[in-house]
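Every chain is numbered from 1 and lettered A, B, ... according to where its sequence line falls, protein lines coming before strand lines. Keep in mind it's a predicted model, so treat the numbers as computed, not measured.
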Number of protein chains: 2
Amino acid sequence: MKVSELSAESGVSVATIKFYLREGLLHAGLQTAANQADYDGGHVRRLRLIRALIDVGELPIAAVRATLTAVDDESTSLHDAFGAVMHGLDTVPPDDTAPDIAAARREVDAWLRRRRWKIEPDAPAPHALATAVAILRQFDFPVTLADFDEAAASAERSAEFEVAYARGMADRAAAVETMLIGTVVFERALAEIRRLALEAVSARTERRHGSGPRRPV
Amino acid sequence: MKVSELSAESGVSVATIKFYLREGLLHAGLQTAANQADYDGGHVRRLRLIRALIDVGELPIAAVRATLTAVDDESTSLHDAFGAVMHGLDTVPPDDTAPDIAAARREVDAWLRRRRWKIEPDAPAPHALATAVAILRQFDFPVTLADFDEAAASAERSAEFEVAYARGMADRAAAVETMLIGTVVFERALAEIRRLALEAVSARTERRHGSGPRRPV
DNA sequence: ACAAATGGATAGCGGAACTATCCACTGACC
DNA sequence: GGTCAGTGGATAGTTCCGCTATCCATTTGT
């Protein structure tokens, strides 16, 4: 398979494929001559993975590279490869540690201990969660970490399913890839479902409260 | 309050405040002289809202403007104002309607009808969900819309709570603002919890499967 | 024999979100 | 009342990102 065919197969332009090759996201094809190389199904699949991470996961190129490097390194554990996507998904803020975020962060850490969730200390997710809580409070939402207990239990159940599914794969590469896609794409799907639910409920109650342009409730 | 004070209060630089004023995200202060204006708590609050939409919701400036315009327009219903954020959250893809996405889209629409969720026909969420499903299938996940039933039911319950909470606010402006923050920030918080759950479960099973760098399962 | 395509290198582009500079002016302190 | 940092307003510049476009020497298929 040559570039033009790879491009047709994957829907990614030749120029962009070249760019990904340069950036080290896609491994070079098998060289058959000074200016000829041969690509295979692995390249198609890899391109699909790259596009999924970029389009659905909205990872920046650098994070995609870091993730794929971990994926390709056989000595990286499934768990660590997976950690790489996590870091890519959450853009780590520079240092904005406002006092109320710090307070929320301590609550988050206590909550994680209570749940017996062992999280890498410099993972971005706890900080992001603390930030979200702090912002909700700024806007007068009376929110506690306990309010997330149900969501956490449900997330844990589905995480167990997903991880078991990935670990059941034939080989490590497939397991890591499955984990990546599962993380990124399921997250997106669930977010969309939440949005749909909000829109549906909002529409329903709008009708109940009277149709047409509304005045204050 | 003058710019420098507003800047200190909100943590947004003067240059950026000027930029937001120019872009129409922030309404001008009360003019007291040719080159003097007075800002108040409303401006601080608005800046916080803008930053939340940009930082947490990752909305582009244009979407923030569209949203805030709907918020400020008294004749826009709560539901419609809320629809504006939805459109901003999902970056609408140009036209990439691959055949497998179209098929998934039909399933999504049927699923929505089954749930009796009335969704605006050109809302981006159903398309995004269909895309996610199509991608999962490309990677051999045997996924059905029915697999999302539980998540949907749970999303609906929390949406009902959120909408009721917002509709209970004293005035329309507060209700819309609450809805916005709730949508964007809760979504983020739930996503982070999902990531934490995955990391915790992954770490736990990693240990069970043996520590240190892993070979194929 | 020769047009089309390839790999490799380098330069350019367009959008987004700020940031910096300049200016004429003013309000607040000395 | 002088002065000077700060202000609003306008305009231009910067940085980053994710591609695109162009060039070129080689090679391939016909």
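Atom CZ of residue R167(B) and atom OG of residue S202(A) lie 5.5 Å apart, to the nearest 0.5 angstrom. Between L129(A) atom CG and L145(A) atom CG the span is 6.0 Å, to the nearest 0.5 Å.
Following rounding to the nearest Å, E5(A) (CD) and dA4(C) (P) show an atom-to-atom distance of 18 Å. Here the C1' atom of nucleotide dA16(C) and the CZ atom of R22(B) are 14 Å apart, to the nearest Å. Atom P of nucleotide dA16(C) and atom CG of L59(B) are separated by 14 Å, given to the nearest angstrom. One can place CZ of F19(A) at 17 Å from P of dC13(C), the figure rounded to the nearest angstrom. Following rounding to the nearest Å, I61(B) (CD1) and dG15(C) (C1') show an atom-to-atom distance of 13 Å. The nearest whole Å value for the distance from the CG atom in N35(A) to the P atom in dT6(C) is 10 Å. Distance L30(A) CG to dT6(C) P: 16 Å, rounded to the nearest Å. Whole-Å rounding puts the M1(B) CE to dG27(C) C1' distance at 18 Å.
At the heavy-atom level, R51(A) lies under 4.0 Å from the strands shown only through sugar-phosphate atoms. If you check every strand for non-hydrogen atoms under 4.0 Å, A33(A) touches sugar and phosphate atoms only. Among the heavy atoms of the strands, none lies under 4.0 Å from E23(A).
Between L25(B) and the options I50(B), T67(B), L49(B), a side chain to side chain contact (heavy atoms under 4.5 Å, CB included) holds for only I50(B).
Classification of the F161(A)-Y165(A) ring pair by plane angle, with boundaries at 30° and 60°, yields parallel.
Salt-bridge formation is detected for the pair R188(A)/E192(A): a Lys NZ or Arg NE/NH1/NH2 atom is positioned less than 4.0 Å from an Asp or Glu carboxylate oxygen. Taking 4.0 Å as the cut-off between side-chain N and carboxylate O, R137(B) and D100(B) do not count as a salt-bridged pair.
Distances shorter than 4.0 Å separate some side-chain N or O of S4(A) from OP1 or OP2 on dT6(C). At the phosphate of dC18(C), OP1 or OP2 sits under 4.0 Å from a side-chain N or O atom of Y20(B).
In this structure, the side chain of E199(B) engages the main chain of E120(A) through a donor-acceptor pair within 3.5 Å. Using a distance-only test at 3.5 Å, with no hydrogens or angles considered, no donor-acceptor pair links the side chain of E23(B) to the main chain of R65(B).
For the pair T32(A) and K18(A), both in contact range of DNA chain D, the more 5′-proximal nearest nucleotide belongs to K18(A). Along DNA chain C, the nucleotide closest to A34(B) and the one closest to P60(B) are compared, and the more 5′ of them pairs with P60(B).
Terminal axes of the helix from dA1(C)-dT30(D) to dC30(C)-dG1(D) (five pairs each, C1' rotation axis) are separated by 0°, to the nearest 10°.
On the nucleic acid side, DNA chain D contacts chain A at distances under 4.0 Å to non-hydrogen atoms, with the end points of that region at dG18(D) to dT28(D).
In this structure, the side chains of Y20(B) and I54(B) come closer than 4.5 Å at one or more pairs of heavy atoms. Side-chain contact between V71(A) and R46(A) is present, with heavy atoms from C-beta onward closer than 4.5 Å.
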